[in-house]
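Worksheet: the structure to be examined is printed underneath.
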Amino acid sequence: MQKRKTRCIRLAMQAANLRSKYPSGQLTLNRDQSFIWRGSLTPSPMGGTYELKVRLHVKDGVKVWGTAPKSLSLAPGKLSLPHVYDSEKQLLCLYYPKDNEWDRYMFLGDTILPWAIEWLYHYEIWVINGGKWTGGGIHPSS
Amino acid sequence: MNLTREQKDQFNEILEEVGATLDISETEHKAAVQSYQAVGSYLSAEGSNLAPYEPTILLQGSFLLGTVIKPVNKDDDLDLDLICQLKNKPLLWTQKDMKNTVGDRLKEHKVYNELLKEEGRRCWTLKYRDSSNRGDKYHMDILPSIVASGYQVLLKEAFSQNYEEDMDHLAIRITDKMEGILDTSINVEEWMKSNPFGYARWFYHQASIKEKGFFNLRAAVEPVPGYQSKKLPLQRVVQILKRHRDMMFNGDENKPISIIITTLAAKAYGKETDVIEALMGVVSRMRDGIQEKYDPERFTWYKFVANPVNPEENFADKWLKTPEKEKNFFDWLDKVEEDLESFSMQRGIQLQESLSDTFGRDIVAKAFTSIGERKRLLTKQGRNRFDRTIGLTSAGSNIIPSHKFFGNAETED
């Protein structure tokens with residue numbers, strides 16, 4: 001990944017980038033130096049359609065929630081979604097923070113959203129194959 | 001079916017993977033070959049009553065056509081159709097003599113004798129059990145037949161040269177209890193003809209498409225056919241159709257039979273190179289291969305599915321006596337069309353559920369897992385392409401950047 005070490009990307013630039021790359025989404029700028037992007041994503045041509053909410057805050061960083069379906073189906077026998085920070089809130093976990101896989105030098109539209117698409121892709125497979133995650137990744141040691 | 005190019009590509013990938021999952025593995029193929037070779041060696045061993053007739057055991061049926069699929073239940077037998085070819089027919093042998101000579105040799109074997117089922121109309125059937133730890137199980141139909149001396153050469157030639165429509169020279173002579181001449185005729189020319197290798201040659205001719213390095217036709221007919229993991233579109237279509245039939249009829253004895261499905265599919269196939277296009281094309285044209293003939297003695301019309309290498313033979317001859325078989329065939333074909341139409345209109349988890357219902361949960365789960373793992377590898381290699389509006393697709397103009405999913409471990413059940 002190319003990182004622009006010169007300066008981190010301003011909120012407005014991030015917003016512009018999202019508007020241009022994912023024009024069907026809706027952006028709401030907030031006074032607390034954050035914005036919220038809401039939009040639809042499809043993991044593959046024959047895949048389902050999912051609504052997501054992305055919040056970027058100048059200090060707190062980025063968070064991604066699955067907002068529709070409100071209750072994502074679980075694989076039979078599983079009690080929570082795979083690779084999430086919070087299954088009930090459907091707060092997705094898309095990268096490994098310790099390796100700085102995402103930081104404020106990177107455009108959301110080039111990283112977080114594509115990873116969300118990929119998460120949804122493997123999520124659909126996870127539901128049908130009895131809960132085997134095919135997307136790779138790591139778990140925090142329990 | 002109104003699908004975009006990308007949707008068809010994905011659907012194609014799914015069907016291809018389902019087909020591959022239905023196929024037997026190389027290990028299973030080797031095990032089947034070892035098993036029938038064991039029987040073959042026994043039949044032709046020194047001291048065998050069959051030795052003077054130079055017995056050769058060859059595979060026919062779905063193994064020869066490359067359309068084998070796993071049985072629905074793991075514990076069911078795999079079907080192996082074998083031909084026991086004999087030469088140097090003694091002048092006074094009748095069909096009964098030939099059949100009994102083979103049967104006698106099988107009965108001499110302590111183990112085989114236990115495994116021998118009741119004598120069939122044309123074959124001896126061996127419910128073969130592999131004695132190793134794996135315990136492979138085969139339902140072996142052994143068809144005794146007479147061929148002339150130069151037969152193996154004829155066979156090799158037919159499979160390596162340009163296709164010729166007249167396959168009659170590949171016909172073999174077999175026994176048939178229903179013929180009424182079982183124990184009287186010593187004239188081979190009067191015996192029933194069958195042409196499994198002519199049929200196979202015709203099938204491969206129908207299936208062939210211009211793609212480099214795809215298929216070694218001759219290898220298919222070697223006494224020990226090699227394992228082909230890469231299948232031609234028509235072979236995949238036949239595998240998928242047979243599985244659909246297996247799931248729908250679950251062993252019902254009046255289910256549509258494989259030879260009819262295979263023949264009509266091969267007749268209807270239009271050289272499409274995508275499995276999805278081939279499947280749609282075949283299903284839309286399969287009915288055209290069924291003829292209607294009039295029986296003046298019974299004042300009735302009846303359906304005729306001609307054997308392409310013996311047009312007088314009707315594969316659907318049992319339909320007249322058992323109308324349920326005919327009804328089941330058309331109900332099945334209707335259901336295939338309905339299901340394909342449904343699939344084309346469904347997306348995501350709903351589509352996956354439908355596919356599971358139709359082809360079986362285990363098979364579909366395995367197929368999707370394989371596809372998913374390939375995508376993971378692509379991301380790792382920096383080659384997982386996607387499009388922002390339609391998602392992961394090989395024609396996409398963007399690439400998923402390398403990363404690792406993180407998050408809580410799922411609660412195990």
Side-chain angles (χ1 to χ4, degrees), chain A residues 1 21-22 24 41-50 73 75-87 91-99 101-102 106 109-111 113-115 117-122 124-140 142, chain B residues 3-11 13-14 343-344 346-353 355-356 361-362 364-380 382 384 386-393 395-396 398-413:
Chain A
M1 275 297 308
K21 296 220 161 153
Y22 294 86
S24 62
L41 291 179
T42 297
S44 69
M46 295 295 279
T49 303
Y50 302 85
S73 306
K78 294 292 185 185
L79 298 174
S80 72
L81 292 168
H83 290 286
V84 290
Y85 285 115
D86 186 322
S87 186
L91 180 56
L92 310 185
C93 187
L94 303 175
Y95 64 94
Y96 188 43
K98 281 206 184 140
D99 281 355
E101 287 179 341
W102 183 82
M106 303 177 205
D110 296 333
T111 52
L113 290 218
W115 292 336
I117 289 174
E118 197 191 5
W119 186 96
L120 289 168
Y121 182 88
H122 289 285
E124 286 186 335
I125 294 177
W126 174 89
V127 172
I128 202 68
N129 73 2
K132 288 196 198 73
W133 181 258
T134 46
I138 56 184
H139 290 297
S142 28
Chain B
L3 296 179
T4 65
R5 180 71 256 166
E6 291 84 6
Q7 287 172 327
K8 278 194 182 154
D9 284 346
Q10 186 181 11
F11 204 165
E13 181 183 30
I14 294 170
F343 297 152
S344 76
Q346 293 166 328
R347 299 288 178 270
I349 293 170
Q350 192 195 29
L351 170 60
Q352 291 170 329
E353 289 286 336
L355 288 168
S356 286
R361 185 155 280 270
D362 282 352
V364 171
K366 269 206 191 106
F368 274 102
T369 301
S370 296
I371 294 174
E373 280 169 356
R374 276 209 290 276
K375 291 286 188 280
R376 174 176 61 85
L377 213 58
L378 283 179
T379 294
K380 202 170 171 197
N384 200 358
F386 75 99
D387 178 285
R388 286 181 231 119
T389 43
I390 59 175
L392 263 45
T393 176
N398 303 300
I399 301 232
I400 304 274
S402 180
H403 72 124
K404 295 179 281 298
F405 291 107
F406 189 48
N408 302 328
E410 303 112 57
T411 320
E412 293 307 311
D413 35 336

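Side chains are part of it too, since the values below use all heavy atoms of this structure and drop only hydrogens, waters and symmetry mates. As the structure is a computational prediction, the values presented were derived from the model and not from experiment. Order of the sequence lines fixes the chain letters, A, B, ..., with proteins taken first and strands second; residue numbering starts at 1 for each chain.
Ranked by heavy-atom pairs under 4.5 Å with chain B, the list A:Tyr50, A:Tyr95, A:Trp102, A:Tyr121 is led by A:Tyr121. The most heavy-atom pairs under 4.5 Å with chain A, out of B:Glu6, B:Lys375, B:Lys380, come from B:Lys375. Highest contact tally toward chain A, considering only B:Thr379, B:Val364, B:Thr4, is held by B:Thr379 [criterion: heavy-atom pairs under 4.5 Å]. Among A:Gly109, A:Gly47, A:Gly48, the residue making the largest number of heavy-atom pairs under 4.5 Å with chain B is A:Gly47.
For chain A, the nearby part of B:Asn384 is the side chain; its heavy atoms alone come within less than 4.5 Å. Residue contact with chain B, scored on non-hydrogen atoms closer than 4.5 Å, involves the backbone and the side chain of A:Trp119 alike. Neither the backbone nor the side chain of A:Lys98 comes within less than 4.5 Å of any heavy atom of chain B. Proximity to chain A (any heavy atom under 4.5 Å) is shown, for B:Leu355, by neither the backbone nor the side chain. Heavy atoms closer than 4.5 Å to chain B are found in both the backbone and the side chain of A:Tyr96. For B:Arg374, no part lies near chain A; criterion is any non-hydrogen pair under 4.5 Å. Residue contact with chain A, scored on non-hydrogen atoms closer than 4.5 Å, involves the backbone and the side chain of B:Thr369 alike.
Taking CG of B:Asp387 as the reference point, atom OG of A:Ser44 lies at 11.5 Å (rounded to 0.5 Å). To the nearest 0.5 angstrom, A:Glu124 atom CD is 11.0 Å from B:Gln350 atom CD. The distance from the OG atom of A:Ser73 to the CD1 atom of B:Ile349 is 4.5 Å, given to the nearest 0.5 Å. With values rounded to the nearest 0.5 angstrom, B:Leu392 atom CG is found 10.0 Å from A:Leu120 atom CG.
Contact annotation: the side chain of B:Phe386 approaches that of A:Ile117 to within less than 4.5 Å [non-hydrogen atoms, C-beta and beyond]. Residues B:Phe406 and A:Asp99 fail the side-chain proximity criterion, which asks for heavy atoms closer than 4.5 Å. At least one side-chain heavy atom of A:Ile128 sits less than 4.5 Å from a side-chain heavy atom of B:Arg361. Using a 4.5 Å cut-off on side-chain heavy atoms (C-beta onward), A:Thr42 and B:Thr389 make no contact.
Summarising the local packing, NZ of B:Lys366 is surrounded by 12 or fewer heavy atoms from other residues, nucleotides or ligands at distances under 6.0 Å.
Aromatic pair B:Phe405/A:Trp115: ring centres not closer than 6.0 Å.
Taking the side chain to side chain donor-acceptor pair (under 3.5 Å) definition, one finds that B:Gln346 meets it with B:Ser354, sequence neighbours left out. Partners of B:Glu373 according to the salt bridge (charged side-chain N to carboxylate O under 4.0 Å, His left out) rule, which considers only residues two or more places apart in sequence or in another chain, do not exist here.
No donor-acceptor distance shorter than 3.5 angstrom exists from the side chain of B:His403 to the backbone of A:Glu101, with no hydrogens or angles considered. Judged by distance alone, with hydrogens and angles left aside, the side-chain atoms of A:Glu118 form no donor-acceptor pair with the main-chain N or O of B:Ile400 at under 3.5 Å.
Closest approach of A:Cys93 and B:Gly407 over heavy atoms only: SG-N, 3.1 Å. The two residues B:Gln10 and A:Met46 have their closest heavy-atom pair at OE1-N, 2.6 Å.
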